[in-house]
Amino acid sequence: MAEETRLFTYIDAINSAYREEMQRDERVIMFGEDVISMQGSARETTGIFEQFGPDRIKDTPIVEEAIVGMAMGAGMTGLRPIGFLMFASLMMCAFDQVWLKLGCNRQEWGYRGPLPVVLHCMVIGGTGIGMDHAVSPEALLVHCPGLKIVMPSTAYDAKGLMKTAIRDDEPVVYFSHRGLYFGEKEAIPSEEYLIPFGKADVKREGKDITIVSYSAMVRKVLAAAEELGKEGINAEVVDLRSLVPMDIDTVVKSVKKTGRLLIVHEAMKRGGVAGEIVFRFMEAAPDAVKTMKSPIKRLAAKNVALIRSRKMEPLLIPQIQDIVETVKGMV
Amino acid sequence: MAEETRLFTYIDAINSAYREEMQRDERVIMFGEDVISMQGSARETTGIFEQFGPDRIKDTPIVEEAIVGMAMGAGMTGLRPIGFLMFASLMMCAFDQVWLKLGCNRQEWGYRGPLPVVLHCMVIGGTGIGMDHAVSPEALLVHCPGLKIVMPSTAYDAKGLMKTAIRDDEPVVYFSHRGLYFGEKEAIPSEEYLIPFGKADVKREGKDITIVSYSAMVRKVLAAAEELGKEGINAEVVDLRSLVPMDIDTVVKSVKKTGRLLIVHEAMKRGGVAGEIVFRFMEAAPDAVKTMKSPIKRLAAKNVALIRSRKMEPLLIPQIQDIVETVKGMV
Amino acid sequence: MEIPKEKLLEMYRNLVRARILSEKLYEVFTTEGSMMQGLHRGLGEEAIPVAVCANLKKGDYYKPSGVRMHPYLFLREGFTMRDSIASECGRDLEKVGGHQTYVSPELGIIGKSGVLGEDAPMYVGAALSAMVRKSDQITIYTCGDGTANRAPLHESMVVAAAWKLPIIFMIENNQYGMGTSVKKSYAIEDLSDRAKAYGFPGQSVDGNDVMALYEVIKEYTERTRSGGGPGLIVAETYRVEGHMVSDTQLYRPKGESAEWWKKEPLARYQKSLMDMGIITDKDVTEAEKEARAEADKAGEDALAIPFLEYEDYIKSALDVL
Amino acid sequence: MEIPKEKLLEMYRNLVRARILSEKLYEVFTTEGSMMQGLHRGLGEEAIPVAVCANLKKGDYYKPSGVRMHPYLFLREGFTMRDSIASECGRDLEKVGGHQTYVSPELGIIGKSGVLGEDAPMYVGAALSAMVRKSDQITIYTCGDGTANRAPLHESMVVAAAWKLPIIFMIENNQYGMGTSVKKSYAIEDLSDRAKAYGFPGQSVDGNDVMALYEVIKEYTERTRSGGGPGLIVAETYRVEGHMVSDTQLYRPKGESAEWWKKEPLARYQKSLMDMGIITDKDVTEAEKEARAEADKAGEDALAIPFLEYEDYIKSALDVL
Ligand SMILES: Cc1ncc(C[n+]2csc(CCOP(=O)(O)OP(=O)(O)O)c2C)c(N)n1
Ligand SMILES: Cc1ncc(C[n+]2csc(CCOP(=O)(O)OP(=O)(O)O)c2C)c(N)n1
Ligand SMILES: [Mg+2]
Ligand SMILES: [Mg+2]
């Protein structure tokens, strides 16, 4: 299907990155809960078992700590594992494994060898499933020394960044977003391509305000920008794509042009990534704040838990209209 | 000993808060690894078993997840438990329990009843014990919706804040710092006192720069301030004492006076609490940045894991001299 | 053991009510605007909560198995079918003083975790609390076969055993965790062997046989209540439907589900009671009619409950900033 | 089983070397400027790594018990006493291309976690990797009795059992986890009962008896290497010293330690070998002399190793910003 038309949904794109890389390098293996029996959380792994067989993909029991730890151990002993966690929230059950083992121990031990591990987790805010499933935990990992954090917003980016992640010799946490999985199809090059980490992408050019975002929020920001455009406000939208490493130069360049900065993320406001972005911005351009046309702002989920309610949960996360109004308050 | 002279070390102060509150309210119980057999990590629980007996204090097996989860369950069913984790890093093994259960579930479920749980953990950066033990994870918890976070820097504060924590009907994470445990003794009132959360304390007045910090770093900042004082630079030192709730007003007031802001913490720089502090500051005083005498700065641990080395680890964490130099670069 | 006739009848009525709730939940799920958060129902597994509730005293703590068994809490004193439906639909649930998930320590439920198994240590804490308070409350914590492999279950059993806490762990073995068969996730045949690792008694029982379940649970709860410490009961049953509505169930051998459905608890129990001369056709019709009426009313009442208002939630969630 | 004479002699020499390292570590710890990070030593528990190493092949993965047994890795091919001392003192350790903790996948060690037990899943991953790579490498993961209660051990055993991975879990039961006696943290007498929960073989053995240990480990490693899946060995020993130097040991019954010291492995093994006519007094004196010389040289060499330079660490740690 996807193969013929070269039109890919976000999830097609990830699946195709998986396959290309597993084809290319037989050391790439993957495991997680129901990756065979149910093709992952939402068909991420469709066809992998059929194509690569039981040595290369495995269903685990429900053991998140073991999934992450095994990926680390297999990564140190000659393989290039992809550990799959259905929900990003499940990382909380394996947090020592993710944060202290995968993230810190290599540095703490002084080990210089490769640690080619990808953790792929799905974020799923906005469907009413509640904090236990829907938390978007990237801020916690940005504070970890040795992890790269990737959060794509389009099918094109999703594929190119996943391929880069699998080829990286250091641990990468890759967050896909359920809200993007089955969105509009995108044309994707039929030739192989990779997208490097640490290169933000200007998803829309504008002159009145810079809106920095990543993952599913980029889509909302773009929709808001369209609406604002109709009212003559021209927003520039910077998609960070990877949070570690973070491309602050692109942000600085954009803000120097627009004179305004709004940061938007789905995760809770207090202690969220916006704080790091703004500090990086001020460190990179210490004088810029003095000449800005309006105070820097952030828009993020309310400082409460996402409630398990289809009615309430979406209200807690920034929506297109919130972005529009915040921007209007700034220009 | 302490009782007679009314001179308390930091750890005496915590121990005395424990005892007073356990005396006052028989629903207060505590458990953790070796809290009886070895009196905690470093004598936090001395004498508690002798005074209150086996129903009120219990040694657990090595089961961090269970310690936190049990505290939550006991807290919902009529008791007021203190769960003791030897090292703050051990929270990583119980992270779902701390973050999603204790922090989020109450809100997620809509449960309105009391959840009077104190988690007491020791931070121990700077001794060369490495990231696996010495991580200071407060930034991770500040991003959690339903937890209060307390990090005292003096014996006086340690006692008053612990008593408040034990009487609070919501979950509180209390981080003591090993580097302060056996420091100089302080005179502490013999009458009972409590210190409310969300009230920063100006530990030193000054007019040239505001240095915001908390926990053990406050001591280093004060030492640096003394040194700077000799060179005619007068630093005001704001000790936040609790990070959630955070008293940003005191910070704003101070910065409005000094025109400069430096934030210092022991935890790693990237994604650390400084980002939240600065954003709160800008939200509370949006125009202040324009008139500041120098760009806002942060000083924190290097963006690498603390290495298990008595020689190297201290170099990765801000030292008095680093603070002095950073301030000199700002004024 | 001779089970008193009133107990048998009580369980019968409850099993009918539980089954009819299973059906009702599907109806509600497919009702436009119900806002039900997914449908993972316990069709065919209802005998387990029925037999547990028949052994509980007021104040005991009980958590049914994680994903699909929560609604059957209405079988306990203080709860209603309406609460169950309202909870599944995210409606304002006065039981928790606000909304949503059953939480009511006085009524013996202290919440459930969406991250499966993470609620086990909480229930161990409730058991500890009962012991410290010198109350005779016991705790029954249930999880699925898939969840039973998880870390917090282990640590929970470790402490419960070490401290001889008044808690019974139950595994509802419905043979699958999502698409993964127990045969793949365990190298043991009898899941109650897990108890041997901790040093408390363990036993497997036919989870579709109300009377067998009742007897084992009675034995275990009595021992635990009189200071005998923890136990593990494994109830063997079967998830006759997919994990959730969208589940294509390709992982499942053809016919397996139909084979198991022949052993579903309601028909079997009904037949036993008839053979024993305890109920008649008329009783059956009546029980069903009553339960149906109860469920219909419960559905209507539940969907009439307003959602929590946004501002109320924010306020009540105590936004500390 | 008849243990070949060379094996017996190899283990004897290694046990002497291990014991002398135990002593050396104390010396180094009390040497000004050594910068040793605490002292948790394995005095009296040395038979376990000796018997394990006598059964390992090159390339096998092996992690000795968590807190105190890491230095005895020098018994493996590719490592030296100097490495052990250097590692404990945070010196630049070329084995890991930089400093500090033994990590060298080619030599069969992939690190250890300061958060006890969290390294178990990694070693399961190494076992998985060997299986996927169709290598005959096996893995032996050891932890203490205290650590064995932790969550990651459980999940590790769950997967290892489900996938029949080539890994042997060992519990070094030295009767205490810090100040907490196994009698308080377990409700089972024989810790090898844990294996029953997972469905692989388990066995306890006198951990101060080199020959008994050797035989059990041989049986288990052979089964595992030939595709028999995981196993659990519990080695019963005793922590004769405090958990660390500052430990007041008030939790410990008076005389308990002295009683156990009578059973310490070296004197026992020496006597057995003498009774068997395999060694003489002269062999003993020589083995001790040689080991002492090795340890002294190792100590000097280790402390002569420079610390990693700050800039090198920062650079090598790949500060991504
Ligand atoms: C810790 C965790 N891992 C994975 C999931 C996703 N998940 C939801 S239900 C389920 C299967 C649970 O199986 P089981 O415990 O047997 O319960 P059952 O669905 O059979 O009632 C899984 C894996 C989750 N919610 N929590
Ligand atoms: C997860 C975790 N909990 C607690 C500690 C603190 N701690 C260090 S050693 C120790 C005791 C370990 O006992 P055991 O596993 O029996 O090993 P032994 O010291 O007896 O060799 C504890 C509790 C830790 N390092 N990690
Ligand atoms: Mg199941
Ligand atoms: Mg021990």
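- In this structure, no portion of A/L316 lies under 4.5 Å from any heavy atom of chain B.
- Contact detail for A/H143 and B/L140: the closest heavy-atom pair is CD2-CD2, 3.9 Å.
- Within the 4.5 angstrom heavy-atom criterion, no atom of A/E313 approaches chain B.
- Interface summary for chain B: among A/I277, A/V278, A/V289, the most heavy-atom pairs under 4.5 angstrom belong to A/V278.
- With a 4.5 angstrom heavy-atom cutoff, A/K297 touches chain B only via backbone atoms.
- When each of A/G272, A/G103, A/P137 is scored by its heavy-atom pairs under 4.5 Å with chain B, the top score falls to A/G272.
- Contact of A/Q97 with chain B is not made at all, since no heavy-atom distance falls under 4.5 Å.
- More than 12 heavy atoms of other residues, nucleotides or ligands lie within 6.0 Å of NZ in B/K293, so this atom counts as buried by the packing criterion.
- Here the shortest heavy-atom pairing between B/M131 and A/C104 reads CG-SG, 3.6 Å.
- Residue A/A274 touches chain B through both its backbone and its side chain, counting heavy-atom pairs closer than 4.5 Å.
- Closest non-hydrogen pair, B/K101 versus A/D132, comes out as NZ-OD1, 3.4 Å.
- No side-chain heavy atom of B/F95 sits less than 4.5 Å from a side-chain heavy atom of A/V98.
- For a residue to count as touching a neighbouring chain, one of its non-hydrogen atoms must lie under 4.5 Å from one of that chain's; by this rule A/V135 touches chain B with the side chain only.
- Across all non-hydrogen atoms, the minimal contact from A/C144 to B/M268 is C-CE, 3.9 Å.
- Here B/D96 is the residue among B/D96, B/L90, B/N105 with the most heavy-atom pairs under 4.5 Å with chain A.
- Between A/E108 and B/L306, the shortest heavy-atom contact is CG-O, 3.5 Å.
- Contact count against chain A (heavy-atom pairs under 4.5 Å) is highest for B/P295 among B/A301, B/P295, B/S294.
- The main-chain N or O of B/P145 is found under 3.5 Å from a side-chain atom of A/R270 such that the two form a donor-acceptor pair.
- The two residues B/K269 and A/E276 have their closest heavy-atom pair at O-OE1, 3.8 Å.
- Within a 6.0 Å sphere centred on NZ of A/K253, other residues, nucleotides and ligands contribute 12 heavy atoms or fewer.
- For the options A/K290, A/M312, A/M292, heavy-atom pairs under 4.5 Å to chain B are most numerous at A/K290.
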